[in-house]
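We count ligands from 1, going down the list as the structure has it; atoms in each ligand are counted the same way. Worth knowing before you read on, the calculation uses all heavy atoms, side chains too, and leaves out hydrogens, waters and symmetry mates.
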Amino acid sequence: MLEIRNLTKAFGGLTAVNNVTTTVEYGKVNAIIGPNGAGKSTFFNLISGAILSTSGQITLRGRDITRLGAARIATLGLARTFQTTALFDAATVVDNLIVGHRLRTRSGLLDVLLNSARLVREEKLCREKALEALDFVGLAHIRDRLAADITQEQRRRVAFALAYATQPSLALLDEPAGGLNPEETTRIAELIRKFVTHGITVCLIEHKMSMIMNIADKIMVLNHGERIAEGTPQEIRSNPAVIDAYLGSDHVEA
Ligand SMILES: Nc1ncnc2c1ncn2[C@@H]1O[C@H](COP(=O)(O)OP(=O)(O)OP(=O)(O)O)[C@@H](O)[C@H]1O
Ligand SMILES: [Mg+2]
């Protein structure tokens with residue numbers, strides 16, 4: 001799905017991602033772990049085109065996307081969720097979805113002013129797509145609730161719905177279970193699996209080790225921007241370099 005070769009990102013004197021070579025495998029849950037500040041989110045920012053790399057190459061389904069911008073990469077089938085989910089709190093859940101999707105439709109200001117046929121058609125299509133996405137993530141029953149009034153887990157599901165609505169082939173999920181309790185985390189893990197069974201390859205960053213060990217097919221470990229290990233959960237669990245990196249950090253759960 002993705003091939004990353006010698007990817008590096010320097011912020012001034014700090015090398016946040018340092019010469020990383022790896023792959024994201026089609027149809028799998030690909031996990032990235034590592035201590036705070038290891039470069040995980042920066043890695044996602046590079047892949048999604050939010051920032052440009054200093055050097056290296058990124059290939060998405062055989063296509064070089066290294067120098068492409070975020071909007072272009074999104075149209076090639078890549079979606080992402082962020083560490084914090086920004087929603088319009090004064091809008092309903094379904095309207096949050098429609099706003100997210102409307103940014104990607106063709107009607108312009110003129111269509112809005114003229115209330116054109118295209119606009120009406122697109123509005124209807126947007127609503128249908130929004131409802132389908134909400135249904136997929138299990139939020140159909142709260143579609144008319146204000147975003148301000150929903151739980152953390154539901155907010156997270158809205159973020160998943162926003163990603164799902166773009167019909168991606170690859171979803172990058174940055175700490176999807178961050179701040180959730182164990183029961184909520186288990187349910188979000190099920191939703192991640194559901195993405196994969198519906199043909200969406202997943203690459204996720206997560207600190208919750210028990211969850212990662214349960215759902216990841218493959219894990220890459222970053223430490224100080226470098227890839228220090230990669231393998232199955234079993235291989236990673238017993239890797240001395242990984243144990244070392246975590247013992248040197250404040251990750252008690254690890
Ligand atoms: N835009 C930026 N400008 C300068 N430094 C940055 C920028 N983005 C990230 N960094 C630095 O790069 C390093 C890696 O940050 P990053 O956010 O990728 O870590 P992370 O692994 O996602 O950490 P966490 O687990 O806390 O989310 C940090 O030292 C961070 O301060
Ligand atoms: Mg991060």
N, O or S of N36 under 2.8 Å from the Mg ion (ligand 2): no

Electrostatic pair K124-E128, nearest N-O below 4.0 angstrom: yes

Geometric N/O contact G37 with ligand 1, under 3.5 angstrom: yes

Under 4.0 Å to a heavy atom of T42 - the qualifying atoms of ligand 1, by number: 9 (C), 14 (C), 15 (O), 16 (P), 18 (O)

Under 3.5 Å: N/O of A38 near N/O of ligand 1: yes

Side-chain ion pair, K194 and D135, N-O less than 4.0 Å: no

Presence of salt bridge, R187 and E153, under 4.0 angstrom: yes

Residue part near ligand 1, for L14, under 4.0 Å between non-hydrogen atoms: side chain

Proximal atoms of ligand 1 relative to Q83 (non-hydrogen, under 4.0 Å): 27 (O)

Residue pair Y164, H198: steps toward the ring pair (Phe, Tyr, Trp, His ring centres under 6.0 Å) verdict: CA-CA 10 Å; Y164 179 81; H198 282 74; 7.3 Å; no

V94 versus A130, closest heavy-atom pair with distance: CG2-CB, 4.0 Å

A50, G225, G39: member with heavy atom nearest to atom 19 (O) of ligand 1: G39

T42 near the Mg ion (ligand 2): N/O/S under 2.8 Å: no

With the Mg ion (ligand 2) as the apex, the OG/OE1 angle for S41 and Q83 - to 10°: 80°

Any side-chain donor near an acceptor of the partner, R155 and T85, under 3.5 Å: no

Residue pair F195, F136: steps toward the ring pair (Phe, Tyr, Trp, His ring centres under 6.0 Å) verdict: CA-CA 9 Å; F195 265 58; F136 184 82; 5.6 Å; yes

Ligand 1 atoms in contact with E175 (distance to a heavy atom under 4.0 Å): 25 (O), 27 (O)

Atoms of ligand 1 close to H207 [distance to a heavy atom under 4.0 angstrom, numbered from 1]: 25 (O)

Heavy-atom closest contact (V20 atom, G225 atom, distance): CG2-O, 3.4 Å

